[in-house]
Amino acid sequence: MIETASIIYGGYIVPWTLTIMILAILSWFFLSYAIYTANGGRRIAMWVFFVPAVFFSVLFSRIIYWYCHSEQYDGLMSALTNLSVDGFAMLGVIPGVVLAAALVCALKLDTSFLAMLDALSTGAGVGMGILYLTALFNAGCRGKVVVSNPEYQHLPFSSPITAAGGVTEYRFATFFFSFLVMFFISGICMEYYFNRKEQKGATSMLFLISFCSAEFVLDSTRYDAGFFRFNGFVSVLQIFAGIVFILICLISGILAIKRNGFKWYYVLLWVLMFAAEGVTGYLEYLVQRHGDMYVEIYAGMIASSLCTGIFAYLCYRTARRREQAVTEEEEIQKRTEIFKRDDEFFDVDEEDETEDGRRRRKKHGTVVSLILAVAAAVMAVVGFVTLLLSRKGKKS
């Protein structure tokens, strides 16, 4: 499939894929930035976070993709130095963001690693959802199922690709369903965050569980899913999801017993979680052996994967302490101190209630908005110029 250009200027070509990727990154960052800073987070922490997050996410995404599709490259260095925007694994975004957030906290720019991840989780679904739309302009992230009924040969059900021999096939639009599901997950995480933001780590845990539950099924439908080299049966993302659920269950169980003592329903939740995950894995085996029954099997897989996520979340909830770790007064005091540090950084006097003070604060808000706009424009230009030089070099 020939990639459609969004901008053509002379001999320079900017593909739609790059444009969408930049919009996805900026949407994720500024949405998370707004939510984080509005709830006590430090602005400087988010700005320092941005560049390492993009770098690590691209690095891990390309490494995972290269590992699963090594036949497309001469080697790892070839994959890492290839400036084309094709070929990335969505799974790599998660360790990239986590590592960048850990780096910010290690630099003492913020005090709570989990609080930062919570805010980032609210916008993660939006960013990932938009990233999935890059498949509109290539042949990736389609389903194994060929849709032959003309009534369903359009989005959101299917999307065309050019198969061998130049034949056009309409395959299940996995990327578009992923886009819709990720936006739904983002909405749930936002609502959850605003109601439970004092529970550090809760929103990021909800996002991780939701992502794993949804992507286990969606990745199963893909004809271009990535696999370990020693296993062509279950994809890398599916194995990641299964390990995450197991770790949540085990770690939560240990913490629950230590903090609150043993309860009989802990065992019930553990058994139900492992049973639901086992059923999901068995249905993955069935759909690969009985492709003609994909409707019934995927319906069961959706239900079992959803149950796995619900039971995993309930296991996580059992590990919470019964007593509130931080009182409301302490939380307010902590946020006040954070705001004061930010005001010192931006040289703003919050206690100045005079007319001149209000004018200065208004001017300060305008300056910050301009900084955000300029930063977004600069990042977009850098991305465009990088690819333009690459494409120009190839043509010459």
Side-chain angles (χ1 to χ4, degrees), residues 1-6 12-22 24-25 54-96 128 130-146 159-176 178-179 215-216 218-241 288 383-384 386-396:
M1 179 180 290
I2 300 176
E3 190 171 11
T4 307
S6 61
Y12 299 104
I13 299 175
V14 180
W16 269 111
T17 302
L18 178 63
T19 305
I20 293 176
M21 290 182 71
I22 293 174
I25 293 170
V54 174
F55 174 77
F56 289 136
S57 296
V58 173
L59 178 65
F60 286 122
S61 297
R62 184 55 68 93
I63 289 176
I64 294 174
Y65 186 85
W66 162 80
Y67 176 82
C68 298
H69 305 279
S70 58
E71 70 281 356
Q72 299 182 16
Y73 304 95
D74 295 332
L76 177 58
M77 289 305 300
S78 173
L80 296 179
T81 56
N82 188 336
L83 295 180
S84 68
V85 292
D86 296 331
F88 66 93
M90 192 69 70
L91 179 60
V93 174
I94 294 178
M128 287 184 170
I130 297 176
L131 279 175
Y132 273 117
L133 290 182
T134 58
L136 277 167
F137 305 100
N138 56 54
C141 204
R142 264 60 167 197
K144 304 171 186 174
V145 177
V146 177
S159 180
I161 63 169
T162 302
V167 179
T168 299
E169 293 181 345
Y170 284 84
R171 290 184 174 269
F172 177 71
T174 301
F175 70 91
F176 200 81
S178 297
F179 158 72
E215 289 300 316
F216 189 99
L218 289 168
D219 205 59
S220 171
T221 67
R222 294 180 61 167
Y223 72 83
D224 60 342
F227 296 89
F228 284 106
R229 297 175 184 176
F230 58 83
N231 172 39
F233 172 61
V234 183
S235 71
V236 171
L237 198 155
Q238 289 177 316
I239 292 177
F240 169 81
Q288 295 187 28
F384 285 147
T386 300
L387 189 71
L388 287 175
L389 293 176
S390 173
R391 291 298 178 91
K392 189 69 174 179
K394 290 180 180 179
K395 290 189 173 184
S396 60

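For clarity, every value in this text was computed on a predicted model and none was experimentally measured. The figures here come from the full heavy-atom set of this structure, side chains too, leaving out hydrogens, waters and symmetry mates.
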Quick one: closest heavy-atom pair of [X] and [Y], and the distance?
X      : Y      : result
Asp219 : Ser235 : OD2-OG, 2.5 Å
Arg222 : Asp224 : NE-OD1, 3.0 Å
Lys144 : Gln288 : NZ-CG, 4.4 Å
Tyr73  : Gly87  : OH-CA, 4.1 Å
Leu76  : Trp66  : N-NE1, 3.4 Å
Gly143 : Tyr223 : O-CD2, 3.4 Å

Open item on the list: Run Arg142 and Phe175 through side chain to side chain contact (heavy atoms under 4.5 Å, CB included) and show every step you take.
Closed with: CA-CA 7 Å; Arg142 264 60 167 197; Phe175 70 91; 3.8 Å; yes
Examine distances only and state if a side-chain atom of [X] and a backbone atom of [Y] form a donor-acceptor pair shorter than 3.5 Å.
X      : Y      : answer
Thr168 : Thr162 : no
Thr134 : Leu131 : yes
Gln238 : Phe216 : yes

Open item on the list: Among residues at least two apart in sequence or on other chains, which ones pass side-chain hydrogen bond (donor to acceptor under 3.5 Å, both in side chains) with Thr174?
Closed with: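 Partners of Thr174 under the side-chain hydrogen bond (donor to acceptor under 3.5 Å, both in side chains) test: Thr221.
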Do the side chains of [Y] and [X] get nearer than 4.5 Å, heavy atoms only?
X      : Y      : result
Ser70  : Arg229 : yes
Ile94  : Met128 : yes
Leu136 : Phe179 : no
Glu215 : Ser178 : yes
Val58  : Phe88  : no

TODO: With side chain to side chain contact (heavy atoms under 4.5 Å, CB included) as the test, would you mind laying out the steps for Phe176 and Leu133 before giving the verdict?
DONE: CA-CA 7 Å; Phe176 200 81; Leu133 290 182; 4.1 Å; yes
For the atom pair [atom1] ([X]) and [atom2] ([Y]), what is the distance rounded to the nearest 0.5 Å?
X      : Y      : atom1 : atom2 : answer
Cys68  : Phe228 : SG    : CZ    : 7.0 Å
Arg171 : Cys141 : CZ    : SG    : 13.0 Å
Ile22  : Thr17  : CD1   : OG1   : 11.0 Å
Ile20  : Ile130 : CD1   : CD1   : 9.0 Å

Open item on the list: Tell me whether the count of non-hydrogen atoms from other residues, nucleotides or ligands lying under 6.0 Å of CZ in Phe233 goes above 12.
Closed with: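 Check passes, neighbour count above 12.
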Task: Which residues share a ring-ring contact (aromatic ring centres under 6.0 Å, His included) with Phe227, sequence neighbours left out - done: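 With sequence neighbours excluded, Phe227 shows a ring-ring contact (aromatic ring centres under 6.0 Å, His included) to no residue whatsoever.
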